[in-house]
Amino acid sequence: MDMIRVSGVQKSFTLHNQGAATLRVLEGIAFVAGAGECLILQGESGAGKSTLLRLLYGNYKCSRGEILIRHDEQWIDIATAQARTILEIRRLTLSYVSQFLRVIPRVSTIDIVCGPLLARGISSDIAARKAGDMLSRLNIPPRLWGLAPATFSGGEQQRVNIARSFIAHTPIMLLDEPTASLDAANRDVVIELIHEARTSGVCLVGIFHDEAVRQMVATARFDILTAKQPEVA
Amino acid sequence: MTEAQTISGADPHYNYGYLDEQTKRMVRRALLKAVAIPGYQVPFGSREMPLARGWGTGGIQITAALVGPADCLKVIDQGADDTTNAVSIRNFFARVTGGRTTQKTAEATIIQTRHRIPEKPLRADQILVYQVPQPEPLRKLEPSEVETRNMHAWEEYGLMQVRLYEDIARFGHVATTYAYPVMVNERYIASPTPIPKFDNPKMDMMPALQLFGAGREKRVYAIPPFTRVRSLDFEDHPFTVQSWDKPCEICGSRLSYLDEVIVDDHGARIFVCSDTDYCEDRRADAASLGEGA
Amino acid sequence: MDMSIYSQAMTPEPLLQVQDMSRYYGERVGCRAVTFQLWPGEILGIVGESGSGKSTLLRCLAALDQPTDGQIQFADDGQWLDVPALPEPKRRALMRRAWGIVHQNPRDGLRMGVSAGGNIGERLMDAGERNYGQIRRVARDWLARVEIDPDRIDDLPQHFSGGMQQRLQIARVLVSEPRLVFMDEPTGGLDVSVQAKLLDLLRALVRDMGIAAVIVTHDLAVARLLTDRLMVMKDGVVIEQGLTDQVLDDPQHAYTQLLTSAVLV
């Protein structure tokens, strides 16, 4: 089942305060991604992979084109949707796993990871247990669970981020270099998590700088520069 | 000393009741408006009176506007007929009306009072005129006249309730013992004047007309007969009145408001009724019972 | 001009509707031609520098000032209220019941001579609450929610720190569960460390209670943390509006780009 339909997407940035320089980053982007797929965006550095991901999330504004997301049995065009519609889509359907944990002050690690479960009405003890299991899988020791992650290392923060992002799936998940700061062991855990998500029906679109990881997770690839339809990996 | 007295001849140099007829008309109009809106403060053109502001000029103007040859006037000050001020005002009216005055509550048609309500229940044919120092019950909370008028207009009385809350939080009970604010006819909060809170319940559904005059502040207000008057409180901290553990030393009453009187230089004290007429009546009754036995 | 305060009945979807609203001071523009809608639970930020018109806009929205032109409508009980045309008693009733205003300086929003409990309880007493015990319970509960020790319920706000006063003001406003809250620089004037704590609290409370809010701030970090949508104002005009993260991460207008590049957000 298709979950994302992108067509005719163009993105330019106009830097008004730098002589109105215009950067045309994406041109004529079109693809389709479905449930149970993991679509890798590929292209060299600066090609606009991250930009495309952010466009899908509504974080960047499309200059032209359509970005259709399947939400609650309907197709919604992110490029023209109202703010509150996009927020609801982000709450229920579309999540974005970035490279960095956005640190909200004073919320403990376990609470951060419990959050998405509690938001779905799961009781706090069950949520806490699942959160603990997930954190353990990602090698975050229990002694850190009660602390806010502000003082953790980059890798630890990223693993907390991964835990929060994967503990409760949304139908579509966008992954922006999720393994960037992780060692091999933890990277493998993330690959497992991606696999589990995919087999449970999630539509994943991701950027991975490591070709080895791409090999492990991709079911299809989309090349930004050639903008060809995805080839099956 | 307690019979109704007739002093022949009003002083011919003054208009009947001292005020000119147009002024009386103005005051009566203001009073009619006040009666029509129970508890609402009606501004009026307060006149210069032959005594200074702060000595009852508001009450006197109301009495002057109402008194007629058929009336019988009683004047009390803190419950007593024989204090200097009560005597002065009573004599003033005797002089400018030639009319009857009395010290007996039951005989009076108009009773002008400072800071007390008579113990003896009043009748529908009587009028109680209060002397008012500060007509605005919210003044201590809100110094701005503009604001307090708005608060009355829009029935925004939360602040008054907050004041009561603060008292209970600080002292465990409402600390106000006199001039305890009342809600008149479930619409306007009014000041009952500095009567002891003991007297507040008497205002509720009183058969007599209650009129209030503030000369300095230039306001009158009214509580028509048989109007609901409720002292402000909380459900779980209801309004209560004062009580004493001794009866009146003179008449033995346990039901009236008692004044504390120091009787010697060693601090010995007795409690006696504040309402002299009431006390006197009780004493006379007890004496006649004793004689009859 | 149509003076009726109720227009024809509409679907109760948006909570606040502003159409072409302007406020002039003679020749000078306070704000001009502002148009937007606000839905229940949405948090709208208004950012701009001093003189941008954001505070003027907020004052007009909160019925503290009369617009010169345009419409402001609030959905109340299934009907639209014409806010500027509201008679004074209805406006005040609305302020007490359905709206709240959090002032930048907590002293403007608190009664400094009344205890913390009295401050929180006032809206309840205004609404007719007559049970002292109940008022105390609710006040203590709210003090805890805004992270003030409930044992300070009888203390005067004069003796609170600036951050505590601001949190007390928030409790005082939120106790009546308003549907729409206006905030003017809610963290302005507070130490940076205190600001973070307060922002955190505000975010949680507003989300938990599903309140719609309009927040004026010059601080983009505050906007990013607290708001869903953002309007950028310059010289009295809204030059850009949209999803907060979109406006801040992909600003389209020259001025917005200037604003966002000037700070590390």
Side-chain angles (χ1 to χ4, degrees), chain A residues 9-23 25-26 48 50-64 67 76 78-91 94-96 98 100 102-108 111-112 115 118-119 148 150 174 176, chain C residues 13-16 36-45 147 187 192-204 207-208 210 212 221-222 224-232 234 239-262 265:
Chain A
V9 163
Q10 186 216 77
K11 177 59 178 163
S12 313
F13 292 96
T14 305
L15 306 175
H16 294 282
N17 302 307
Q18 294 173 51
T22 303
L23 300 174
V25 179
L26 294 171
S50 211
T51 301
L52 180 52
L53 217 56
R54 284 169 180 256
L55 282 170
L56 293 178
Y57 194 58
N59 182 228
Y60 281 178
K61 204 182 180 95
C62 227
S63 307
R64 207 182 298 158
I67 300 175
I76 312 274
I78 293 274
T80 55
Q82 296 223 316
R84 72 187 195 292
T85 310
I86 297 183
L87 286 170
E88 193 186 74
I89 292 175
R90 288 178 181 178
R91 197 165 59 86
L94 182 63
S95 60
Y96 186 96
S98 68
F100 312 106
R102 251 259 316 276
V103 179
I104 309 287
R106 305 189 312 154
V107 184
S108 70
D111 285 343
I112 289 175
L118 296 174
L174 308 174
D176 190 351
Chain C
E13 268 267 41
L15 190 63
L16 187 70
F36 69 90
Q37 289 176 305
L38 187 69
W39 274 262
E42 264 195 327
I43 306 175
L44 174 69
E147 297 175 22
T187 58
V192 174
S193 56
V194 174
Q195 277 191 36
K197 188 170 164 162
L198 189 70
L199 282 176
D200 197 21
L201 179 71
L202 270 177
R203 218 192 69 235
R207 294 276 175 231
D208 285 346
V222 170
R224 191 186 273 282
L225 188 61
L226 278 186
T227 68
D228 302 324
R229 287 165 56 194
L230 204 55
M231 292 199 323
V232 182
K234 180 178 195 295
I239 52 143
E240 188 163 353
Q241 61 173 303
L243 257 184
T244 298
D245 65 286
Q246 190 186 90
V247 172
L248 293 178
D249 289 341
D250 189 15
Q252 303 295 304
H253 193 278
Y255 178 69
T256 319
Q257 290 183 358
L258 195 61
L259 262 190
T260 52
S261 64
V265 169

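Residue numbers start from 1 in every chain, and the chains themselves are labelled A, B, ... in the order their sequence lines are given, proteins ahead of strands.
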*asked:* Within this structure, what is the CG-NE2 distance for the pair C/Leu258 and A/His16, rounded to the nearest 0.5 Å?
replied: 11.5 Å

*Is it the backbone or the side chain of C/Glu42 that comes under 4.5 Å from a heavy atom of chain A, or both, or neither?*
side chain

*If every non-hydrogen atom of C/Gln257 is compared with every non-hydrogen atom of A/Asn17, which pair is closest and at what distance?*
CB-ND2, 3.6 Å

*How long is the gap from CG on C/Leu44 to CZ on A/Arg84, to the nearest 0.5 Å?*
13.0 Å

_Using a 3.5 Å distance criterion without hydrogens, assess whether the side chain of C/Gln246 forms a donor-acceptor pair with backbone atoms of A/Ala83._
no

*asked:* Against A/Arg54, only a single residue in C/Asp250, C/Asp249, C/Asp245 fulfils side-chain contact (heavy atoms from CB on, under 4.5 Å); can you say which?
replied: C/Asp249

_Flag if over 12 foreign heavy atoms under 6.0 Å of NZ, A/Lys11_ = yes

*Atom of C/Asp228, atom of A/Leu87 and distance for their closest heavy-atom approach*: CB-CD1, 3.3 Å

